Protein chains: 2
Amino acid sequence: MSIRLPASARREQLLDVALQVFAHQGYHGASMNDVADAAGVTKPVVYQHFDSKRDLYLALLDEVGERLLTQIAKATAGATDGKHQTELGFRAYFRWVADDHDAFLLLFGSGARRDEEFNDAVRKVTAQVAEAIKPLITADIDPEHQRTLAHALVGLAEGVSRRLVDNGVDFDPDLLARQVSDLAWAGLRVVGRKIS
Amino acid sequence: MSIRLPASARREQLLDVALQVFAHQGYHGASMNDVADAAGVTKPVVYQHFDSKRDLYLALLDEVGERLLTQIAKATAGATDGKHQTELGFRAYFRWVADDHDAFLLLFGSGARRDEEFNDAVRKVTAQVAEAIKPLITADIDPEHQRTLAHALVGLAEGVSRRLVDNGVDFDPDLLARQVSDLAWAGLRVVGRKIS
DNA sequence: CTCGCTGATTACCCTTGAGTAACAATATGT
DNA sequence: ACATATTGTTACTCAAGGGTAATCAGCGAG
């Protein structure tokens, strides 16, 4: 038998381990047995803490999304001008990717995207990130256009990150943030100048 | 019994139908029976044309990726200056999304992304799109930075599209292309001016 | 020391779905 | 008309994996 743990500690451990397992094998690729094994425990233990596989996965998506959002919020809080804010936002995002690798894979490496409920969870995150970005965009263009641009920037960060993560390239989040925010900020300023 | 079709026609039909089925239900969500049913036929018929489920799915990814790439290539061929080329590229992409909806879902709505082999197929497509974009980026920055920016633009298009497709918003691809390429082109020009 | 509570295990059930073997129906060329 | 290739169908096998019932083990309180 394995080491006994108090319920709350076991739950934490399971979330921790499950994140790794799902990130590497995907939702369908990983069985509840895999999760249990990785935790050094047997399947029913997992079911003592989570009602179903979906339940466990949703809990993870929530936790992980929360982490990303708070980090961005914290990072951008101190900035005043838009340019600086843009860079800090991207920096927080890329730092998150760099040192919470598995979290990125879970959320955007997907496996989530094809399930109604999972996709909702992911969308909620991207939508909130987009919301955080919206203030950077000049207010004098129509709201739909604003939303488009906000999501464009979110996608941009995702695209850049995915390439790096997929290819196992290791990268400097801060440098990346500078490079990407240069592009983004310049773009945003120009868009503001024309009434289109 | 259903209508008899010559082998090649049946194969085409199966690819056609399978695209719809997988796009809507995802790889794991759709069974081979689902595909067969949708084609008005029984499972073994599908296996007469494709060795396995994976095989069928890979064939689809290939076909669909090909379609996207050729459309972008065709669209950008006629352009001379970078700005125009950027807009035409995005326009081709968004048009592809608009009227080959299922193809977008199959490729980027994912379910692909978590499988080694599937992910490779998708990566090959995004990498080629990025390659097509690279000429637009000033040559006097380092190659890694160039690649980053290229993938940034690919991600950007994907992010914008995903939001629209997910929310079922219908959109004007040409307008979208103008809005997005304004942002992108302005960004690219500025990046060229600094040696960073 | 033993009762009982919490944490963990063994050994199952049962559905789903990929893949196949054997057979039936419809063309087509002679 | 009849042999033969081609297209389809019925009816299965088999493994994987989500989920559960019954049971066991350790540990603190009385």
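Because the structure is a prediction, the values reported are computed rather than measured.
- Going from atom OH of A:Tyr57 over to atom C1' of D:dG18 covers 17 Å, rounded to whole Å.
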Mind listing the side-chain donor-acceptor pairs of residues 33-43 of chain A below 3.5 Å, one per line with the distance, residues two or more places apart or on another chain?
residue, atom, partner, partner atom, Å
A:Asp34, OD1, A:Ser31, OG, 3.4
A:Asp34, OD2, A:Gln25, NE2, 3.3
A:Asp34, OD2, A:Ser31, N, 3.0
A:Asp34, OD2, A:Ser31, OG, 3.4

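- Residue B:Gln48 places a side-chain atom within donor-acceptor reach of the base of D:dG8, judged by atom type and a 3.5 Å distance cut-off alone.
- Across the protein-nucleic acid pair, A:Tyr47 atom OH and D:dA21 atom P stand 13 Å apart, rounded to whole Å.
- Listed by chain and residue number, nothing satisfies the side-chain hydrogen bond (donor to acceptor under 3.5 Å, both in side chains) test with B:Thr138 (two or more places apart in sequence, or in another chain).
- No hydrogens or angles were tested; on distance alone, nothing pairs the side chain of B:Lys53 with the base of C:dG17 as donor and acceptor under 3.5 Å.
- When distances run from any side-chain atom of B:Pro44 to the nucleotides D:dT9, C:dA18, C:dT9, the shortest one goes to D:dT9.
- By the 30° and 60° cut-offs, the orientation of the rings of B:Phe94 relative to B:Phe90 is parallel.
- Atom-to-atom, CG of B:Asn33 to P of D:dT10 comes out at 11 Å; the value is rounded to the nearest Å.
- When the C1' atom of C:dC23 is taken as reference, atom NZ of B:Lys43 falls 17 Å away, rounded to whole Å.
- Atom CG of A:Asp55 is separated from atom C1' of D:dG18 by 14 Å (rounded to the nearest Å).
- Remark: A:Asp174 pairs with A:Arg95 by the side-chain hydrogen bond (donor to acceptor under 3.5 Å, both in side chains) rule, at least two apart or across chains.
- A heavy-atom distance below 4.0 Å to DNA chain C is reached by these residues of residues 2-16 of chain B, ordered by number: B:Arg4.
- The residue B:Ser31 sits close only to the backbone: its heavy atoms come under 4.0 Å of sugar-phosphate atoms, none of a base.
- If you take CG of A:Leu56 and C1' of D:dG17, they are 15 Å apart, rounded to a whole angstrom.
- Each of D:dG19, C:dA8, D:dT9 was ranked by its minimum atom distance to the side chain of A:Ser52; first place goes to D:dG19.
- Distance, B:Asp37 CG to D:dT9 P: 10 Å, rounded to whole Å.
- At a threshold of 4.0 angstrom between heavy atoms, the contacts of A:Ala30 are confined to the sugar-phosphate backbone, with no base atom among them.
- The aromatic rings of A:Tyr57 and A:Phe22 lie perpendicular to each other, with more than 60° between the two planes, well past the 30° mark.
- Closest contact between the side chain of B:Met32 and the listed nucleotides C:dT9, C:dA18, D:dG19 involves C:dA18.
- Contacts of A:Phe50 classified as ring pair (Phe, Tyr, Trp, His ring centres under 6.0 Å), with partners at least two apart in sequence or in another chain: none.
- Between the CZ atom of B:Phe50 and the P atom of D:dT7 there is a distance of 14 Å, given to the nearest Å.
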Listing, residues 59-76 of chain A side-chain donor-acceptor contacts under 3.5 Å, not counting sequence neighbours, or none:
residue, atom, partner, partner atom, Å
A:Glu63, OE1, A:Arg67, NH1, 3.1
A:Arg67, NE, A:Asp100, OD2, 2.9
A:Arg67, NH2, A:Asp100, OD2, 2.8
A:Thr70, OG1, A:Glu66, O, 3.2
A:Thr70, OG1, A:Arg67, O, 3.0
A:Thr76, OG1, A:Ile72, O, 3.0
A:Thr76, OG1, A:Ala73, O, 3.3

